[in-house]
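Here is the structure we will look at, set down as structure tokens.
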Amino acid sequence: YRRLLGEWQRPDGGYVLAVTGIADDGTATAGYFNPSPINVGHAEARTEDGKVVLFVKMQDQNYPGSTSTLTYDPLADQLVGVYFQAVQRASYDVVFVRR
């Protein structure tokens, strides 16, 4: 999961996801910013169908239960996936590029 470490930015809005650590069990230490910090309640890395996936669940005002499920694309060095905005009950395709 080492490739997930670092700062990732959404080009469409400036959101930043900072992954600073990943334990052996996949538990990740992550921060989410817009530009102010948004509390991350849970983050984990796992392997699904041979692909590395990062799951991030936010627990903060305006973001209660919102999630990002992101697959690492090694060729593009990007995180690609779906952001679920829990308050609006809407899903959006997102891409994060390494900063």
Side-chain angles (χ1 to χ4, degrees):
Y1 302 126
R2 187 174 292 259
R3 293 180 182 168
L4 298 176
L5 297 174
E7 289 190 357
W8 303 87
Q9 184 167 7
R10 266 180 49 188
D12 67 337
Y15 289 88
V16 174
L17 174 62
V19 182
T20 57
I22 301 174
D24 290 341
D25 68 356
T27 302
T29 304
Y32 204 86
F33 306 90
N34 178 32
S36 299
I38 299 166
N39 184 57
V40 174
H42 176 76
E44 69 178 37
R46 60 182 180 256
T47 303
E48 292 180 5
D49 300 323
K51 297 179 182 177
V52 175
V53 176
L54 179 66
F55 175 80
V56 179
K57 183 175 184 178
M58 290 155 268
Q59 287 298 336
D60 212 331
Q61 184 177 359
N62 300 323
Y63 299 90
S66 293
T67 63
S68 290
T69 305
L70 307 165
T71 301
Y72 178 68
D73 177 347
L75 296 177
D77 193 31
Q78 296 179 344
L79 297 172
V80 179
V82 176
Y83 169 63
F84 173 69
Q85 215 301 336
V87 172
Q88 298 172 358
R89 308 232 16 104
S91 295
Y92 303 94
D93 292 333
V94 293
V95 174
F96 286 82
V97 296
R98 191 179 297 276
R99 281 179 43 160

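- Counting heavy atoms of neighbouring residues, nucleotides and ligands inside a 6.0 Å radius, atom CG of Asp12 exceeds 12 of them.
- With hydrogens and angles disregarded, a donor-acceptor distance shorter than 3.5 Å links the side chain of Gln85 to the backbone of Asn62.
- Val16 forms part of a hydrophobic cluster together with Phe33, judged by ILVMFWY side-chain heavy-atom separations under 4.5 Å.
- Heavy atoms from other residues, nucleotides or ligands lying under 6.0 Å from CZ of Arg3 number 12 at most.
- Considering all non-hydrogen atoms of both residues, Ala86 and Ser66 come closest at N-OG, 3.1 Å.
- Considering all non-hydrogen atoms of both residues, Val95 and Arg10 come closest at O-CG, 3.3 Å.
- Other cluster members for Leu70: Tyr1, Leu4, Leu5, Trp8, Tyr15, Leu17, Val19, Ile22, Tyr32, Ile38, Val40, Val52, Leu54, Val56, Met58, Tyr63, Tyr72, Leu79, Tyr83, Tyr92, Val94, Phe96, joined by side-chain heavy-atom distances under 4.5 Å among Ile, Leu, Val, Met, Phe, Trp and Tyr.
- Salt-bridge formation is not detected for the pair Asp49/Lys51: no Lys NZ or Arg NE/NH1/NH2 atom is positioned less than 4.0 Å from an Asp or Glu carboxylate oxygen.
- Nearest heavy atom pair, residue Glu7 against residue Ala18, reads CG-CB, 4.1 Å.
- Without hydrogens or angle criteria, Asp73 side chain to Leu75 main chain gives a donor-acceptor distance under 3.5 Å.
- In this structure, Asn39 contributes its side chain and Asp60 its backbone to no donor-acceptor pair below 3.5 Å.
- Nearest heavy-atom pair, Arg46 versus Thr69, reported as atom, atom and distance to 0.1 Å: NH2-CG2, 4.3 Å.
- For the side-chain hydrogen bond (donor to acceptor under 3.5 Å, both in side chains) test, no residue two or more places apart in sequence or in another chain qualifies with Gln61.
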